[in-house]
**Q** 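Here it is: the structure, laid out below.
Values in this document were obtained by computation on a predicted structure and should not be read as measured data.
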Number of protein chains: 2
Amino acid sequence: MEQNILKNAALKSTKKRQVLLLLLQKQARPMTAEELHALAEPILPMNVSTVYRTLNTLTEKKILIRSVRQDGKAYYSLAKKDHSHRLVCDLCGKVIPVDTCPLSELEETLQQKTGFRITGHSLEFTGLCPECSKKDTDEK
Amino acid sequence: MEQNILKNAALKSTKKRQVLLLLLQKQARPMTAEELHALAEPILPMNVSTVYRTLNTLTEKKILIRSVRQDGKAYYSLAKKDHSHRLVCDLCGKVIPVDTCPLSELEETLQQKTGFRITGHSLEFTGLCPECSKKDTDEK
DNA sequence: TTACATGCAAATACTTTGCATATAA
DNA sequence: TTATATGCAAAGTATTTGCATGTAA
């Protein structure tokens with residue numbers, strides 16, 4: 001699996017890259033370099049710069065998607081064929097993917113109105129997931 | 001004008017805060033701390049940490065809105081009553097405000113489907129503005 | 001007068017880079 | 001063998017903080 005992903009991108013298939021890819025698959029949520037390093041360490045010790053370099057390389061090869069959030073950190077996730085948006089809980093950080101994307105139509109309209117050649121967009125909702133929402137209410 | 005904004009927020013009305021607020025009004029586009037410092041310097045020299053502290057204070061007081069972009073930098077703009085989104089040109093950085101926001105309806109739907117209590121969202125389109133789009137085409 | 005604002009330098013957080021060594025192909 | 005990957009330490013960039021001094025109210 002991971003070997004193929006790497007080979008297809010003309011990258012050497014190293015154990016460290018495989019571990020990082022595996023972690024991103026298993027966790028199935030966007031993670032920071034720091035988180036990935038912490039998770040990888042017990043499995044296979046590696047330097048932080050290796051993590052950063054790997055994430056950059058994989059992002060350039062379009063294997064990963066990098067998204068910088070309001071906390072100023074870069075979050076990485078496997079690039080899936082279908083692009084999607086997500087709900088991020090302010091309290092527990094839980095992420096719920098949103099399947100609908102109502103923006104294609106809007107993009108069309110905007111291109112025509114503004115002459116802007118739109119190549120992409122980022123959209124993220126914030127709020128409280130059901131559990132945290134409950135907790136929040138209980139505390140009051 | 002600026003004095004009132006500051007007084008209303010129970011903040012001391014200093015010349016430096018006024019200059020920063022004025023710059024944000026005049027430029028009418030989101031700016032980084034670095035940009036603001038460079039613009040303020042010739043008018044009224046001030047330390048970078050003053051700029052950062054001022055921006056943080058004004059953001060806490062809801063006078064400014066902070067938005068961290070994909071470049072990892074925080075952009076500040078005056079908080080207007082109406083929330084809006086924008087088009088950002090990848091080449092020249094030009095910003096075009098988008099008046100429509102099609103997300104309220106979607107938020108409703110999502111709240112019901114997921115149980116998430118949505119409190120906000122961030123949306124930004126990227127692409128090329130008409131001028132840069134032309135330049136880009138010409139070069140090919 | 002006094003609480004808050006500012007300058008300055010040092011510290012922090014996240015990320016990148018140069019160079020020597022190690023390893024997949 | 002050879003181009004690429006990695007470790008390590010140092011550097012870079014955006015931002016914050018502690019402390020002494022300055023100033024609006």
Side-chain angles (χ1 to χ4, degrees), chain A residues 1-23 30-41 43-61 63-76 93, chain B residues 1-23 30-61 63-77 93:
Chain A
M1 344 325 160
E2 290 75 32
Q3 294 93 316
N4 290 329
I5 297 182
L6 292 169
K7 285 200 175 174
N8 292 342
L11 295 174
K12 283 188 182 171
S13 176
T14 70
K15 193 85 182 135
K16 302 183 182 180
R17 283 174 174 171
Q18 289 170 25
V19 168
L20 290 173
L21 276 175
L22 194 65
L23 286 171
M31 288 186 288
T32 64
E34 201 185 357
E35 287 177 304
L36 281 163
H37 182 239
L39 287 174
E41 199 65 26
I43 304 172
L44 180 60
M46 66 183 75
N47 196 280
V48 196
S49 58
T50 301
V51 177
Y52 277 104
R53 266 192 284 233
T54 301
L55 294 175
N56 279 337
T57 305
L58 296 180
T59 301
E60 279 162 23
K61 296 287 187 182
I63 295 168
L64 299 183
I65 288 177
R66 182 208 323 259
S67 171
V68 177
R69 298 216 185 136
Q70 292 305 310
D71 60 7
K73 296 181 195 170
Y75 287 74
Y76 298 85
Chain B
M1 345 312 147
E2 290 76 33
Q3 293 94 317
N4 290 329
I5 298 181
L6 293 169
K7 284 201 175 173
N8 292 342
L11 295 175
K12 284 187 182 172
S13 176
T14 70
K15 192 87 184 136
K16 303 185 183 181
R17 284 173 174 171
Q18 288 169 25
V19 167
L20 291 173
L21 276 174
L22 195 64
L23 286 171
M31 288 185 287
T32 64
E34 202 185 356
E35 288 177 303
L36 280 164
H37 182 237
L39 287 175
E41 199 66 26
I43 304 172
L44 180 60
M46 66 184 75
N47 197 281
V48 197
S49 60
T50 301
V51 177
Y52 277 105
R53 267 192 283 231
T54 301
L55 294 175
N56 279 337
T57 306
L58 295 179
T59 302
E60 280 163 22
K61 295 288 186 180
I63 294 168
L64 299 182
I65 288 176
R66 181 207 324 258
S67 170
V68 178
R69 299 218 183 132
Q70 292 305 309
D71 61 7
K73 296 181 194 171
Y75 288 74
Y76 297 86
S77 53

**Q** Counting just side-chain N and O atoms, does B:T14 come under 4.0 Å of either OP1 or OP2 of D:dT23?
**A**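 It does not, given that no N or O in the side chain of B:T14 lies less than 4.0 Å from OP1 or OP2 of D:dT23.
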
**Q** Please state how far atom OH in A:Y76 lies from atom C1' in C:dC14, giving the value in whole angstrom units.
**A**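 Atom-to-atom, A:Y76 to C:dC14, this comes out as 10 Å.
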
**Q** Measure the shortest side-chain to side-chain distance between B:R66 and B:L55 over non-hydrogen atoms and say whether it is less than 4.5 angstrom.
**A**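 B:R66 does not reach B:L55 side chain to side chain.
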
**Q** Tell me whether B:R17 contacts the main-chain N or O of B:K12 through its side chain, where contact means a donor paired with an acceptor under 3.5 Å.
**A**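 Looks like yes, one N/O pair under 3.5 Å.
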
**Q** Would you mind reading off the distance between B:D71 atom CG and C:dC14 atom C1', rounded to a whole angstrom?
**A**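 My rounded result for the distance is 14 Å.
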
**Q** I'd like to know if A:K16 reaches the base of D:dA5 with its side chain, counting only an N/O donor and acceptor under 3.5 Å.
**A**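 Answer no: no donor N or O sits under 3.5 Å from an acceptor.
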
**Q** Can you confirm whether A:I63 sits close enough to A:N8 that some side-chain heavy atom of one is under 4.5 Å from a side-chain heavy atom of the other?
**A**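 No; the side chains remain at least 4.5 Å from each other.
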
**Q** Verify the neighbour count for atom CD of B:E34: are there more than 12 heavy atoms of other residues, nucleotides or ligands below 6.0 Å?
**A**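 12 or below, so no.
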
**Q** In whole angstroms, how far is the P atom of D:dA24 from the CG atom of B:L11?
**A**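 So the CG-P distance, B:L11 to D:dA24, works out to 15 Å.
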
**Q** D:dG7 P sits how many Å from A:R17 CZ, rounded?
**A**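 Answer to the nearest Å: 11 Å.
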
**Q** I want to verify a distance call: between C:dA25, C:dC4, C:dC8, whose nearest atom is closest to the B:K12 side chain?
**A**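 Closest nucleotide to the B:K12 side chain: C:dC4.
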
**Q** Figure out the CD/P separation between A:Q70 and D:dA14, and round it to whole Å.
**A**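 It is 17 Å, rounded to the nearest whole Å.
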
**Q** Considering heavy-atom distances to DNA chain D, does A:K15 or B:R66 have its closest nucleotide positioned more toward the 5' end?
**A**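 Counting from the 5' end, the first nearest nucleotide belongs to A:K15.
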
**Q** Quick one: does B:K16's side chain get under 4.5 Å of B:T54's, heavy atoms only?
**A**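 Result no, sub-4.5 Å side-chain heavy-atom pair not found.
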
**Q** Please report, rounded to the nearest Å, how far the C1' atom of D:dA14 is from the CZ atom of A:R69.
**A**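 Answer to the nearest Å: 20 Å.
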
**Q** Nearest whole angstrom, please: distance from the P of D:dT4 to the CD of A:E60.
**A**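 Result: 14 Å.
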
**Q** Whether the side chain of A:K73 and the base of C:dA13 hold a donor-acceptor pair under 3.5 Å is what I'd like checked.
**A**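 Absent.
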
**Q** Would one find a side-chain N or O of A:S49 under 4.0 angstrom from OP1 or OP2 of C:dT17?
**A**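 So the side-chain polar atoms of A:S49 never come under 4.0 Å of the phosphate oxygens OP1 or OP2 of C:dT17.
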
**Q** Check this for me: A:E35, atom CD, are more than 12 non-hydrogen atoms of other residues, nucleotides or ligands nearer than 6.0 Å?
**A**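 Enclosed.
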
**Q** Any side-chain heavy-atom pair from B:L39 and B:M31 closer than 4.5 angstrom?
**A**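 Yes, at least one pair of side-chain atoms sits under 4.5 Å.
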
**Q** Rounded off to whole Å, could you give me the CD-to-P distance for the A:Q18 and C:dA24 pair?
**A**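 Result: 10 Å.
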
**Q** Could you identify which residues of residues 50-57 of chain A place a heavy atom less than 4.0 Å from some atom of DNA chain D, listed by residue number, or say none?
**A**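 Listed by number, they are A:T50, A:R53, A:T54.
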
